[in-house]
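Note on naming: letters A, B, ... go to the chains in the order of the sequence lines (proteins, then strands), and numbering restarts at 1 for each one. Note that the structure is predicted; figures quoted are calculated from it, not measured.
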Number of protein chains: 2
Amino acid sequence: MPSSTVENYLKEILVESIHSESGLVSMGKIAECLQVTPGTATTMVKGLEKKGWVNYRPRQGVKLTTSGRKLGMSMLRRHRLLETFLVETLDLDWGEIHDEAEELEHAISEKVLEKLDEFLGRPTHDPHGDPIPTSKGNMPEASDLSLLDCTVGQTAKIESIQDQSREFLKFARKNKLLPGSKIEVIQLDRIADTMQIKVGLKSFLNIGSKTAEKIVVHRSGEMEQ
Amino acid sequence: MPSSTVENYLKEILVESIHSESGLVSMGKIAECLQVTPGTATTMVKGLEKKGWVNYRPRQGVKLTTSGRKLGMSMLRRHRLLETFLVETLDLDWGEIHDEAEELEHAISEKVLEKLDEFLGRPTHDPHGDPIPTSKGNMPEASDLSLLDCTVGQTAKIESIQDQSREFLKFARKNKLLPGSKIEVIQLDRIADTMQIKVGLKSFLNIGSKTAEKIVVHRSGEMEQ
DNA sequence: AATTAGACTTTGATTAATCAAAGTTTATTT
DNA sequence: AAATAAACTTTGATTAATCAAAGTCTAATT
């Protein structure tokens, strides 16, 4: 039975491998995600390899095996279902749920998770707009388009918010940057690194590229479900 | 911040100290409850003392300090509220919830617990009939009367079932031995170590003293709420 | 080609929780 | 009072996860 630590490593490696084209994840990235020193990440990853959850090439990076991917997906499912429960059922604040789910995901059994999924009506997306893997380990592809990829005049719909910190989510909520919100790019200045957007029908907002990159969108008309 | 292990030790010491008149709990009892060797219990308890959660007298036993009692109560509250949630909301089976709650109780925060308590309507007793400590750490006194203390002809109402194992709970449910059920003692044989009881209006059952001791009751008419 | 910065790996130590087995105390029986 | 059993404590070892610091590689500059 994998420890909570192993579960965390596999979940983070999964998430990072999705965001990397090669599928390889570096030790530095792992150390950063898990808030450990690089030496710890190396040691841990070698342990994961010995157990058959990853393939590791020194100084190249690490890749999940089929069983590692399965476990990582299961953790992502737990995490996102729990976040949904915390918002929908217990009415917790958007900004609080990430850390809470981070703890609970290691303690909830498959059986309870299945009951929870049923109770919630088998949701497909969590409160941040991220897709929830099915119990089979499938996950709908997410858009790879952020606000940063949009040009002046384009309209788009927010799919998800890629920053789970309290701070950022508070900012996002205050400015109605929520999954489903309609956005229009009004102005763009690459040199000044700023972008003016219209949120909804009458609200305007200036954001920098770092923030724009965290708003994942699909262009209006596409991918409606 | 106390580890899950510390939380478990304090919770079990609390429960056992309630069941002992002196308030002292032996190393053997702790080792048995936590499924560790006596040596481990001794070592661990010395650590708990160093942190100020218990007072330990070698070969006498251990007693909770005020802060240890507080932490133990908080764990008991978590455990019993979670059990209630698992049965009431997620419709899990009576026999399954103990082990599930045992894991979740270490992962749930005070904030989420408070929301859960509110969502459940601030229940006072868990599905086994045990009282749920309040957030202040108060817990209604439970009856100290088991079926074993009743004599022929007496009637009583089941308050709680003091065995959390799947096996026993399956037996209890099958025979309608549930909190609230009305019991009448029909026959008693101390030598043969057996007791015949009427459960409800027409169902009869033979049980031994070990089982009778696990059925905590209050005599009919007393303590109605 | 030599230097250097940055990323990575190795090494040695630490902490928490545990066990097995040996040693000690206490209480009970003879 | 001696012997014994039962309960408890001590000791030495183990495992998982971690860090700091020293060492090694790789790739980019000079």
Quiz item: Given C/dT9, C/dA17, D/dT10, which nucleotide is nearest the side-chain atoms of B/V6?
Solution: C/dA17
Exercise. Start with the C-alpha distance between A/Q164 and A/E83, add both sets of side-chain angles, then the distance that settles side chain to side chain contact (heavy atoms under 4.5 Å, CB included), and finish with yes or no.
Key: CA-CA 11 Å; A/Q164 314 267 298; A/E83 284 194 339; 3.3 Å; yes
Quiz prompt | Selection from C/dT18, D/dT18, C/dC8 that lies nearest to any side-chain heavy atom of B/T43 | solution = C/dT18
Self-check item: A/M27 CE - D/dT18 P separation (whole Å)
Solution: 14 Å
Self-check item: Trace of the ring pair (Phe, Tyr, Trp, His ring centres under 6.0 Å) decision for B/F85 with A/F85
Solution: CA-CA 13 Å; B/F85 167 72; A/F85 168 71; 5.6 Å; yes
Quiz prompt | 5′-ward residue of the pair A/S4/B/R57 relative to DNA chain D | solution = B/R57
Practice problem: Figure out the CD1/C1' separation between A/I30 and D/dA17, and round it to whole Å. | Solution: 15 Å
Quiz item: Looking for any heavy atom pair under 4.0 Å, which part of the strands does A/T5 touch: base, sugar-phosphate only, or nothing?
Solution: sugar-phosphate
Self-check item: Of the listed nucleotides C/dT18, D/dC8, D/dA17, the one nearest the side chain of B/M44
Solution: C/dT18
Exercise. Whole angstrom is fine here: how far is it from CG in A/L48 over to P in D/dT18?
Key: 11 Å
Quiz item: Can you tell me how far P of C/dT26 sits from CG of B/L24, to the nearest Å?
Solution: 15 Å
Quiz prompt | A/W53 CH2 to D/dA16 C1', straight-line distance once rounded to whole Å | solution = 13 Å
Practice problem: Name the nucleic acid region contacted by A/G28, choosing base, sugar-phosphate or nothing; use a 4.0 angstrom heavy-atom cut-off, strictly under. | Solution: sugar-phosphate
Practice problem: Just say parallel, tilted or perpendicular for the rings of B/H128 and B/W94, cut-offs at 30° and 60°. | Solution: tilted
Self-check item: Residue A/Y9, side-chain atoms from C-beta onward, closest of D/dT18, C/dA17, C/dT9
Solution: D/dT18
Quiz prompt | Pair A/V25-A/K63, side chain to side chain contact (heavy atoms under 4.5 Å, CB included): steps then yes or no | solution = CA-CA 7 Å; A/V25 183; A/K63 214 173 187 168; over 6 Å; no
Self-check item: Candidates D/dT9, D/dA17, C/dC19 - which lies nearest the side chain of A/S3
Solution: D/dA17
Quiz item: In whole angstroms, how far is the C1' atom of D/dA17 from the CG atom of A/N8?
Solution: 12 Å
Quiz item: From the list C/dT18, C/dC19, D/dC8, which nucleotide is the closest neighbour of the side chain of B/T37?
Solution: C/dC19
Quiz item: Taking only side-chain nitrogens and oxygens of B/T40, does any of them come within less than 4.0 Å of OP1 or OP2 of C/dA17?
Solution: no
Exercise. Check whether any side-chain nitrogen or oxygen of B/T42 sits under 4.0 Å from OP1 or OP2 of D/dT9, and answer yes or no.
Key: yes
Quiz prompt | Minimum-distance nucleotide to B/R59 side chain [options: C/dA7, C/dT18, D/dT9] | solution = D/dT9
Self-check item: Verdict with reasoning, A/L177 to A/F168, per side chain to side chain contact (heavy atoms under 4.5 Å, CB included)
Solution: CA-CA 10 Å; A/L177 295 171; A/F168 192 82; 5.9 Å; no
Exercise. Examine distances only and state if a side-chain atom of A/D189 and a backbone atom of A/D193 form a donor-acceptor pair shorter than 3.5 Å.
Key: no
Exercise. Choose from D/dT18, C/dT10, D/dT9 the nucleotide whose nearest atom is closest to any side-chain atom of A/K46.
Key: C/dT10
Self-check item: Between C1' of C/dC8 and CD of A/E49, the distance in whole Å
Solution: 16 Å
Quiz item: Rounding to a whole Å, what distance do you find between A/Q35:CD and D/dT18:C1'?
Solution: 14 Å
